[in-house]
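Worksheet: the structure to be examined is printed underneath.
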Protein chains: 2
Amino acid sequence: MSDTFAIGELGRATDTKVETVRYYERIGLLSQPRRTSGNYRAYDRGHLNRLSFIRRSRDLGFSLDQVRALLDLADQRDRPCEAVDEIARGHLAAVERKIADLEALRDELRGMVRQCGHGAVRDCRIIEALSPGDALAAAPG
Amino acid sequence: MSDTFAIGELGRATDTKVETVRYYERIGLLSQPRRTSGNYRAYDRGHLNRLSFIRRSRDLGFSLDQVRALLDLADQRDRPCEAVDEIARGHLAAVERKIADLEALRDELRGMVRQCGHGAVRDCRIIEALSPGDALAAAPG
DNA sequence: CTTGACCCTGTAGTTGCTACAGGGTCCATA
DNA sequence: TATGGACCCTGTAGCAACTACAGGGTCAAG
């Protein structure tokens, strides 16, 4: 039974495009696999595990740099995991900030959309809300 | 007194980097201003208004393509504003989807961080949560 | 007349892929 | 044995939306 995989199989197993797998190799996130006589990449279970880790981390929104750091840490099994915790906490904080930003934005957009009177553009509250207001209109000559 | 502005002034007035102003001009979002004898860009109040509109729209998360569409619509003052409404609603829906995604993500991250026992990496629940689980461990030989 | 702040063009970098172009390999089927 | 199609290879360019130079020019103050 194959305990090596071609790049396409690896991609299907991890829901990753072939180009993306090669990209991860190029940027040094995934180690180079051995090659077959025909110069095809031949991956093993270690690669599969590593790529799964990468994809799961990416799905959780970690940047490639963070993933790289997490992978390095995951390899140092005896070290304390504070650094891991810190990366996760930092990312969590960033996600929470982003949610707050988007919620503020959502509220503004909701307000705009609610006020739209569906008349002519000249009376459109959305356009109005986007247009420079008092600060400019009241600019002293 | 100046009713024209150099690019740096325009940038300060709209909280936009000079390079970004030039970028907007390059991609046709902001019209080319007249030039001084020394080949400096000389902007007028119209440019200032337009750039303010762009920045405000960008702050609200509209893409440059959406901004372009909004600008076009804003110029057609007699037309009905349905298209404007549609862009805003579409964007609102996208923002709401994104918030939901991020909230799911936040919950997962919170769960991971909460479980971290601060021991060695080998016991780290965060790494564990990121690592490929049963699907692979249980893969039949 | 020089210093320093500002401006100019053009190009390349960022993030995380994705999409070719222009080939080579491999395997099954006719 | 030929051939077709699925797969693989490298290398490069593209996407959004800027940002950051390099290598110069302009202009006002001292």
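Each chain gets a letter, A, B and so on, in the order its sequence line appears, and its residues count up from 1.
As a whole-Å value, the separation of B/Y23 OH from C/dG10 P is 17 Å. At whole-Å resolution of the value, CZ in A/F62 and P in C/dG16 are 13 Å apart. Between the P atom of D/dC18 and the CG atom of B/L51 lies a distance of 11 Å, rounded to the nearest Å. The separation between B/I27 atom CD1 and D/dG14 atom C1' is 16 Å, rounded to whole Å. In this structure, A/R34 places its CZ atom 15 Å from P of D/dC8, rounding to the nearest Å. Regarding A/E9, its CD atom lies at a distance of 12 Å from the C1' atom of D/dC8, rounded to whole Å. A straight line from CD of A/Q32 to C1' of D/dC9 spans 14 Å, rounded to a whole angstrom. We find that CD1 of A/I54 is positioned 12 Å from P of C/dG16, with the value rounded to whole Å.
Of the candidate nucleotides C/dC17, D/dC9, D/dC21, D/dC9 has the atom nearest to the side chain of A/R41. Residue A/A6 has its side chain nearest to D/dC8 when only C/dT9, C/dT18, D/dC8 are considered. For A/T20, counting side-chain heavy atoms from C-beta on, the closest listed nucleotide (D/dT19, C/dT18, D/dC9) is C/dT18. Nearest to the side-chain atoms of A/R58 among the listed nucleotides C/dG16, D/dC9, D/dA20 stands C/dG16. Out of C/dT9, C/dT18, D/dC9, the shortest distance to the side chain of A/K17 is found at C/dT18. Among D/dT19, C/dT18, D/dT10, the nucleotide with an atom closest to any side-chain atom of A/E19 is C/dT18. Nearest to the side chain of A/I7, among D/dC9, D/dA20, C/dC7, sits D/dC9. Among the nucleotides D/dC18, C/dC8, C/dT18, the one closest to any side-chain atom of B/L64 is D/dC18. Of all nucleotides listed (C/dT18, D/dT10, C/dC7), C/dC7 comes nearest to the side chain of B/V18.
Within the 4.0 Å cut-off from OP1 or OP2 of C/dG16, not a single side-chain nitrogen or oxygen of A/Y24 is found. Side-chain N/O atoms of A/R22 include none lying less than 4.0 angstrom from OP1 or OP2 on D/dT10. Checking the phosphate oxygens (OP1, OP2) of D/dT10, a side-chain nitrogen or oxygen of A/R35 falls inside 4.0 Å.
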Self-check item: Check against side-chain contact (heavy atoms from CB on, under 4.5 Å), B/V21 and B/E25
Solution: CA-CA 6 Å; B/V21 177; B/E25 179 182 323; 5.9 Å; no

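The existence of a salt bridge linking A/R89 and A/E96 is excluded, since no basic side-chain nitrogen approaches an acidic carboxylate oxygen closer than 4.0 Å. Taking 4.0 Å as the cut-off between side-chain N and carboxylate O, B/D75 and B/R50 count as a salt-bridged pair. Ionic pairing of A/D3 and A/R45 is not present here: no N-O contact between side-chain nitrogen and carboxylate oxygen is shorter than 4.0 angstrom. We find that A/E108 and B/R56 are joined by a salt bridge, their nearest charged nitrogen and carboxylate oxygen being less than 4.0 Å apart. With salt bridges taken as basic N to acidic carboxylate O contacts below 4.0 Å, none links B/K98 and A/E103.
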Under 3.5 Å, which protein N or O atoms sit close to an N or O of nucleotides 24-30 of chain D? Give each pair with its distance.
unit_1, atom_1, unit_2, atom_2, d
D/dG25, N2, B/Y40, OH, 2.7
D/dT26, O4', B/Y40, OH, 3.3
D/dT26, O2, B/Y40, OH, 3.2

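Heavy-atom neighbours of A/Q76 CD from other residues, nucleotides or ligands within 6.0 Å: above the threshold of 12.
Using a 4.5 Å heavy-atom cutoff, the side chains of A/F62 and A/I87 are in contact.
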